[in-house]
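Each remark here refers to the structure printed beneath this line.
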Amino acid sequence: MRMALIRASWLGVLLLAAAMAQAAQGGGRLLTTSDVVAIRIPDHPDLDWTARIEPDGTINFPYVGRIKAAGLTEDDLARTVERRLVELKIIAEP
C-alpha cells in the first residue's frame, strides 16, 4: 500500500445521519449515540469505513479498534482516527 502524507484537514469524517446532534462551535457537530459516521481517507479508499455509534459511545474502526466517538465533534473524531492510524503506521505522519 502506498504511504502518503495525510493532513488532518484531508481526513474526512462525514456525518451521514444524525439523531438531533447539537452544534459545536468550530468543530462540526457534536456526535451522539446512534449517529452514523463515514470515515473517508483520501488516497486510501481501502481504509474507508461507515459505522454507527454504539450505545456505549464507541465505534469499531477495524484498522485501529474501538474509538470513543460520542461527545466528540466531527473534527475531534477525525483527529483521533488520524492519530491512531499514524501511531499504528498505517498512514504516514502529516
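Residues take their numbers from the sequence shown, with the count starting at 1.
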Can you tell me how far [atom2] of [Y] sits from [atom1] of [X], rounded to the nearest 0.5 angstrom?
{"X": "Arg52", "Y": "Thr33", "atom1": "CZ", "atom2": "OG1", "result": "10.0 Å"}
{"X": "Ile67", "Y": "Ile39", "atom1": "CD1", "atom2": "CD1", "result": "6.0 Å"}
{"X": "Arg66", "Y": "Asn60", "atom1": "CZ", "atom2": "CG", "result": "4.5 Å"}
{"X": "Leu85", "Y": "Leu47", "atom1": "CG", "atom2": "CG", "result": "6.5 Å"}
{"X": "Phe61", "Y": "Thr80", "atom1": "CZ", "atom2": "OG1", "result": "12.0 Å"}

Answer yes or no: is there a side-chain heavy-atom contact under 4.5 Å between Val81 and Val64?
-> no
Evaluation steps, side chain to side chain contact (heavy atoms under 4.5 Å, CB included), between Thr50 and Val36 = CA-CA 7 Å; Thr50 301; Val36 176; 3.6 Å; yes
Minimum heavy-atom distance [X]-[Y], with the two atoms named:
{"X": "Asp35", "Y": "Leu30", "answer": "OD2-O, 4.2 Å"}
{"X": "Val86", "Y": "Ala92", "answer": "CG2-O, 3.9 Å"}
{"X": "Asp76", "Y": "Arg79", "answer": "OD1-NH2, 2.5 Å"}

Any donor-acceptor N/O pair, Lys68 side chain to Ala70 backbone, under 3.5 Å =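 Looks like yes, one N/O pair under 3.5 Å.
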Taking atom types as modelled, is there a side-chain donor on Thr73 or Asp75 under 3.5 Å from an acceptor on the other?
-> no
Under the side chain to side chain donor-acceptor pair (under 3.5 Å) rule, collect the residues that match up with Arg84, sequence neighbours excluded.
->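 So Arg84 forms no side chain to side chain donor-acceptor pair (under 3.5 Å) with any residue.
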Applying side-chain contact (heavy atoms from CB on, under 4.5 Å), name anything that partners Asp48, two or more places apart in sequence or on another chain.
-> Arg40, Pro45
